Amino acid sequence: MVGVTITALDFERCYRAVSTRDSRFDGQFFTAVRTTGIYCRPSCPAITPKRANVSFLPTAAAAQQAGYRACRRCLPDAAPGSPLWNTRADLAARAMRLIGDGVIERGGVPALAATLGYSQRQLTRVLTTELGAGPLALARAHRAHTARLLIQTTAMPMSDIAFAAGFASIRQFNDTVREVFAVSPSTMRAEAHRAKSGSNGRPAPAVNGTLSLRLPYREPLDRAWLEWFLSAHVAPGMELWENRAYTRNLRTPHGHATTRLSFQRDHVRAELALHDMRDLAPTVARLRHLLDLDADPIGIDEALGVAPGQRVSTPGLADPDTTRLPDAGAGSPPDAETALDHGEVGRPAFSPGIRVPGCLDGPELLLRTMIGQQISVSAAATHTARLVEALGERVDGPIPLLFPTPAAIAEHGAEVLTGPTRRIRSIIGAAEALASGELALHQGRTAADLRRDLLALDGVGPWTADYVTMRLLADPDVLLNTDLVVRQGAAVLGIDLTDTARWAPWRSYLSMQLWKAALTDRAARSKSAAAKSASSKAISES
């Protein structure tokens with residue numbers, strides 16, 4: 001094996017995680033075992049290797065580059081992604097986000113370098129130094145992961161899988177699978193057949209690009225918060241919340257897709273219908289980004305002071321399908337009563353495992369945020385649905401429409417949008433900037449540059465710029481201190497918003513906690529007032 005040393009990783013800390021099989025570190029680094037030639041996730045159930053026989057690498061690509069093959073017992077590529085690509089804002093982290101979105105498959109290393117504003121040589125040098133592998137090797141690792149998913153979970157022909165995963169040829173596909181997993185594609189599929197013999201013994205067929213996948217995440221997860229966020233912001237026509245599942249259409253690099261997301265005990269079930277199977281990897285990456293599934297919730301909770309072992313409020317205690325809470329610009333989470341279980345009466349405590357929702361499409365995020373400025377969540381959904389109905393592209397499937405393109409909104413938005421003239425003009429201006437390419441919204445941008453460009457738009461102030469930056473880049477340290485509901489949450493919890501340095505770099509998560517605290521408190525007060533009113537009415541009638 002080739003010796004690789006990445007100084008950014010602490011050997012002792014990594015070895016302790018491997019010794020205790022700590023699943024929290026899965027995806028954050030990989031264990032390369034020299035005596036066996038394999039690399040594993042930290043929680044691999046195999047016997048812990050001796051110190052002298054292991055090294056620790058930051059990416060699967062670095063392990064593959066060094067000549068190691070993936071462990072077929074713990075499947076290291078199936079772990080949640082590293083949270084470092086969100087907490088770090090350097091060139092390597094921004095490159096990893098774009099590689100995960102399939103930029104190299106679509107335009108090669110030149111496209112990646114141009115998007116980031118660096119030369120190919122400089123980019124390759126930085127990635128090799130920081131991550132142990134260059135851009136091509138990193139993209140190859142992503143293709144290998146996509147190929148494994150399709151081989152094990154579908155009945156697609158191997159030739160179709162090869163091109164859907166982004167390989168240039170069937171030979172390249174076969175060679176990569178053998179090198180990374182030490183088996184041929186057909187053997188891998190046969191092993192998957194045998195592993196599923198307890199059910200039907202066969203992988204599900206891929207009909208017209210349909211797939212059902214498990215999206216893993218790190219515990220704990222505040223499912224109630226995410227379910228509320230998705231359900232409360234649904235725009236009919238392009239999104240649907242039904243039977244505790246979120247269904248919507250989204251644009252993809254080669255067409256469009258329909259996804260249905262539902263939260264399970266240890267994963268999110270994603271049912272996908274893809275117009276083009278080449279869009280599988282970027283679609284999965286965008287779904288993970290939407291739900292913030294690569295976060296390290298234990299580390300974040302420790303920084304925010306969440307009580308260790310505190311139970312996460314579960315959706316079963318209050319159903320987003322039936323529970324109606326007070327509307328607000330930021331919304332209100334579904335679980336009102338249980339959020340009051342800790343702390344003083346009437347003062348909701350922080351929730352373990354809260355996530356910062358990301359987005360599936362940058363232009364859509366900006367335009368919907370501008371539509372929703374200074375109005376309630378339900379009113380914003382109504383305005384968005386009207387725009388989608390008038391200008392959205394029609395597609396086949398359970399959901400009929402896609403969100404309109406910036407070009408369509410720039411050309412016809414004035415005929416559909418309602419509200420203050422200045423806001424309509426601002427939305428049209430933003431759509432024109434997006435359509436012309438003057439404004440670029442992607443995960444490869446730095447937060448400072450993105451915020452500067454957003455603030456240059458007419459009608460975009462600090463709140464909109466911060467909100468879009470937080471969700472588009474998964475920036476963990478944006479404090480929405482000008483938000484009315486965040487301020488109310490701070491008042492409920494007695495937090496001084498001018499003194500939040502101790503919560504850096506997790507102030508985006510603090511913003512979500514304050515949102516939830518304020519609106520949960522509002523819901524509890526509303527429920528209490530309703531109960532008192534009903535009691536008074538009963539007394540008067542008696």
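What you see is a predicted model; the values in this text were computed from it and never measured. Nothing fancy with the numbering, it's 1 onward along the sequence.
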Asks: Tell me yes or no: between the side chains of S43 and D26, is some donor less than 3.5 Å from an acceptor?
Replies: yes
Asks: May I ask you to decide if S351's main-chain N or O and Q513's side chain share a donor-acceptor pair within less than 3.5 Å?
Replies: yes
Asks: For T464 and Q373, run side chain to side chain donor-acceptor pair (under 3.5 Å): C-alpha distance rounded to whole Å, both residues' side-chain angles, the deciding distance at 0.1 Å, then the answer.
Replies: CA-CA 8 Å; T464 299; Q373 287 173 339; 2.8 Å; yes
Asks: Is a donor from one side chain sitting under 3.5 angstrom from an acceptor on the other, for R445 and T115?
Replies: no
Asks: With rounding to the nearest 0.5 Å, note down the distance linking CZ in R355 to CD1 in I300.
Replies: 7.0 Å
Asks: Is the closest side-chain donor-acceptor distance between T446 and R94 under 3.5 Å?
Replies: no
Asks: Does the side chain of W515 pick up a donor-acceptor pair with the side chain of D483 at under 3.5 Å?
Replies: yes
Asks: Output yes when R286 and D361 qualify as a salt bridge under the 4.0 Å nitrogen-oxygen rule, no when they do not.
Replies: no
Asks: Is the closest side-chain donor-acceptor distance between R423 and Q374 under 3.5 Å?
Replies: no
Asks: List the atom of G299, the atom of W506, and the distance in Å for their closest heavy-atom pair.
Replies: O-NE1, 4.5 Å
Asks: Look at the side chain of T252 and the backbone N and O of D279, then say whether any donor-acceptor pair between them is shorter than 3.5 Å.
Replies: no
Asks: Is there a donor-acceptor pair under 3.5 Å between the side chain of R248 and the backbone N or O of A235?
Replies: no
Asks: Are W228 and H233 near enough that their ring centres are under 6.0 Å apart?
Replies: yes
Asks: Between R260 and E242, is the closest basic N to carboxylate O distance under 4.0 Å?
Replies: no
Asks: Any ion pair linking R251 and E364 (charged N to carboxylate O, less than 4.0 Å)?
Replies: no
